[in-house]
Student: 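Before I ask anything, let me first share the structure, which is written out below as structure tokens.
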Amino acid sequence: MKELKVELASRSYKIKIGQDVLQDLGQELQSVGFKGKLLIVTDENVSPLYADSCLESLEKSGFQTRVFSIPPGEESKSWMWAEQIFSAALDFNLDRDSGIVALGGGVVGDLAGFIAATYLRGVAYVQVPTTLLAQVDSSVGGKVAINHSRGKNMIGAFYQPRLVLIDLNTLDTLPFRELRSGMAEVIKYGVIRDDIFFKELYRNLVTTLEQEKEFLEYIVFKSCLIKADVVSVDEQEGGVRAILNFGHTLGHALEAATDYKYFNHGEALHYGMLLASRLACREGLLDLKSLNLIEDLLCRIGFKGLPPVLDADKIKKGLTYDKKRKEGKMIFILPERIGRVGIYDSISQEKVDKLLLDFFKEFY
Ligand code: NAD
Ligand code: GLY
């Protein structure tokens, strides 16, 4: 098992990565101080696959447990499902000494973390991520949220888990589309922080997509290391943490323009990173050779095309609801070379419009 730590003073916690570690969940939770009752929040795809292993381990360690499953998908990251889980927690008499286990992908992790942050003004929780995207990104760093009809992740908090336990074997059942989605986040880390990691991904992409466990363990560890490093310096995104949003400005806008139904997060991020890299090149920040390498690696993962119709005005509207906007300005994270990005707030609307127009010409 590989281990690393997110250093946040009294809110520090470990990330543990290994195979077949779900069977140790009970002991792991005891070791970080959980006792009493645990509410496992999961989704209807993950529950039949992994809830039993978790329950067995937790019950062996003497925990009283209950499972709550939400329907899979982004639409469940909603106030309506939060309310249902609050009710289940109250019915179970979950108290301040109890805890929550988030077992699933980023949807479950964000929602269960939001419940943990707010139920009884906060109870402890643990992230047990089962998608590659959640293992390399959403389970680490404490961003928890639900969506609002006017925008994604609009209601939430920074609330750190007490532990992140990553079982790589859960990826065996993950649909290929979701694996690719997680790879987009992995590539993000190479571009923003580590050119050597980027080159390793470039050389070993096939191995990853074929799920060779040793290399998967390496990329999950490396991604968590980069994220932990950034979060430790800037927990609440006052500065450097914003670099983790590379590709997200346009990615979120694409998700919003397609009502969060057509793309999954990683697919939208793929286009967001592609566009941000092109924008960086147009601005003279990134050289053409590096742009080609980024585009090539992104294209080699393979992604679904754009929908038959895409409304540019809806994308612009999506950009206006971006949480990262400051004083009406759009914030873009743009690569300056592979392994380094900068935060830019002076890109004009005209340049963004032209970028999108040229991009659409390739598809429509
Ligand atoms: P997801 O949670 O919807 O999971 C994708 C699909 O895979 C779902 O259908 C799920 O049921 C299924 N699944 C999960 N694990 C499985 C397994 N082991 N085997 C088979 N099926 C499995 O999506 P996601 O991509 O994991 O997460 C996306 C969400 O994460 C978005 O809501 C996004 O906003 C959020 N996110 C949050 C952060 C953060 O820092 N908090 C960062 C990135 C993304
Ligand atoms: N996924 C971006 C962040 O955690 O800050």
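Position 1 is the first residue of the sequence, and the numbers go up from there. Indexing begins at 1, ligand by ligand and atom by atom, following the structure's order.
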Student: So, applying side chain to side chain contact (heavy atoms under 4.5 Å, CB included) with H265, which one of E255, E74, E178, H270 is it?
Tutor: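 When E255, E74, E178, H270 are each tested with H265, the side chain to side chain contact (heavy atoms under 4.5 Å, CB included) holds only for E255.
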
Student: Under a 4.0 Å threshold between the charged nitrogen and the carboxylate oxygen, would K222 count as salt-bridged to E200?
Tutor: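 No, E200 and K222 are not salt-bridged.
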
Student: Show the short N or O contacts, below 3.5 Å, that ligand 2 makes with protein N or O atoms; if there are none, say 'none'.
Tutor:
{"unit_1": "ligand 2", "atom_1": "1 (N)", "unit_2": "D137", "atom_2": "OD1", "d": "3.2"}
{"unit_1": "ligand 2", "atom_1": "1 (N)", "unit_2": "D137", "atom_2": "OD2", "d": "3.4"}
{"unit_1": "ligand 2", "atom_1": "4 (O)", "unit_2": "K227", "atom_2": "NZ", "d": "2.6"}
{"unit_1": "ligand 2", "atom_1": "4 (O)", "unit_2": "R241", "atom_2": "NH2", "d": "2.8"}
{"unit_1": "ligand 2", "atom_1": "5 (O)", "unit_2": "K143", "atom_2": "NZ", "d": "2.9"}
{"unit_1": "ligand 2", "atom_1": "5 (O)", "unit_2": "R241", "atom_2": "NE", "d": "2.8"}
{"unit_1": "ligand 2", "atom_1": "5 (O)", "unit_2": "R241", "atom_2": "NH2", "d": "3.3"}

Student: Can you find a side-chain donor-acceptor pair between E59 and T65 that sits under 3.5 Å?
Tutor: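 Yes, a side-chain donor-acceptor pair sits under 3.5 Å.
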
Student: With a 4.5 Å heavy-atom cut-off, do R300 and Y202 have their side chains touching?
Tutor: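 Contact flag for R300/Y202 side chains = yes.
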
Student: Return the set of residues passing side chain to side chain donor-acceptor pair (under 3.5 Å) with R11 (not counting sequence neighbours), or none when no residue passes.
Tutor: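 So R11 forms a side chain to side chain donor-acceptor pair (under 3.5 Å) with E235.
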
Student: Would Y125 and Y159 count as a ring-ring contact (aromatic ring centres under 6.0 Å, His included) here? Give the steps.
Tutor: CA-CA 9 Å; Y125 78 114; Y159 192 67; 5.7 Å; yes

Student: Would you say the ring centroid of F359 lies under 6.0 angstrom from that of Y271?
Tutor: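 Between Y271 and F359, which both carry aromatic rings, the centre distance is below 6.0 Å.
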
Student: Tabulating one pair per line, provide the atom names and distances (0.1 Å) for every N/O atom of ligand 1 that is less than 3.5 Å from a protein N/O atom.
Tutor:
{"unit_1": "ligand 1", "atom_1": "2 (O)", "unit_2": "G106", "atom_2": "N", "d": "3.1"}
{"unit_1": "ligand 1", "atom_1": "2 (O)", "unit_2": "V107", "atom_2": "N", "d": "3.0"}
{"unit_1": "ligand 1", "atom_1": "9 (O)", "unit_2": "N45", "atom_2": "ND2", "d": "3.1"}
{"unit_1": "ligand 1", "atom_1": "11 (O)", "unit_2": "D43", "atom_2": "OD1", "d": "3.2"}
{"unit_1": "ligand 1", "atom_1": "11 (O)", "unit_2": "D43", "atom_2": "OD2", "d": "2.7"}
{"unit_1": "ligand 1", "atom_1": "11 (O)", "unit_2": "N45", "atom_2": "ND2", "d": "2.9"}
{"unit_1": "ligand 1", "atom_1": "15 (N)", "unit_2": "T130", "atom_2": "O", "d": "3.3"}
{"unit_1": "ligand 1", "atom_1": "15 (N)", "unit_2": "T130", "atom_2": "OG1", "d": "2.7"}
{"unit_1": "ligand 1", "atom_1": "18 (N)", "unit_2": "T130", "atom_2": "O", "d": "3.0"}
{"unit_1": "ligand 1", "atom_1": "18 (N)", "unit_2": "T170", "atom_2": "O", "d": "2.9"}
{"unit_1": "ligand 1", "atom_1": "18 (N)", "unit_2": "T173", "atom_2": "OG1", "d": "3.4"}
{"unit_1": "ligand 1", "atom_1": "19 (N)", "unit_2": "T173", "atom_2": "O", "d": "3.4"}
{"unit_1": "ligand 1", "atom_1": "19 (N)", "unit_2": "T173", "atom_2": "OG1", "d": "2.7"}
{"unit_1": "ligand 1", "atom_1": "26 (O)", "unit_2": "G106", "atom_2": "N", "d": "2.8"}
{"unit_1": "ligand 1", "atom_1": "26 (O)", "unit_2": "T131", "atom_2": "OG1", "d": "2.6"}
{"unit_1": "ligand 1", "atom_1": "27 (O)", "unit_2": "G106", "atom_2": "N", "d": "3.1"}
{"unit_1": "ligand 1", "atom_1": "32 (O)", "unit_2": "E74", "atom_2": "OE1", "d": "2.6"}
{"unit_1": "ligand 1", "atom_1": "32 (O)", "unit_2": "E74", "atom_2": "OE2", "d": "3.2"}
{"unit_1": "ligand 1", "atom_1": "32 (O)", "unit_2": "K77", "atom_2": "NZ", "d": "2.8"}
{"unit_1": "ligand 1", "atom_1": "34 (O)", "unit_2": "K77", "atom_2": "NZ", "d": "3.1"}
{"unit_1": "ligand 1", "atom_1": "34 (O)", "unit_2": "K152", "atom_2": "NZ", "d": "2.9"}
{"unit_1": "ligand 1", "atom_1": "41 (N)", "unit_2": "D110", "atom_2": "OD1", "d": "3.0"}
{"unit_1": "ligand 1", "atom_1": "41 (N)", "unit_2": "K143", "atom_2": "O", "d": "2.9"}

Student: Less than 4.5 Å apart, any side-chain heavy atom of H248 and any of M273?
Tutor: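 The answer is no, as the side chains (C-beta and beyond) never meet within the 4.5 Å cut-off.
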
Student: Hey, could you give me each pair passing ring-ring contact (aromatic ring centres under 6.0 Å, His included) that has a residue in residues 45-98? Not counting sequence neighbours.
Tutor: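 Those involving residues 45-98 do not exist here.
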
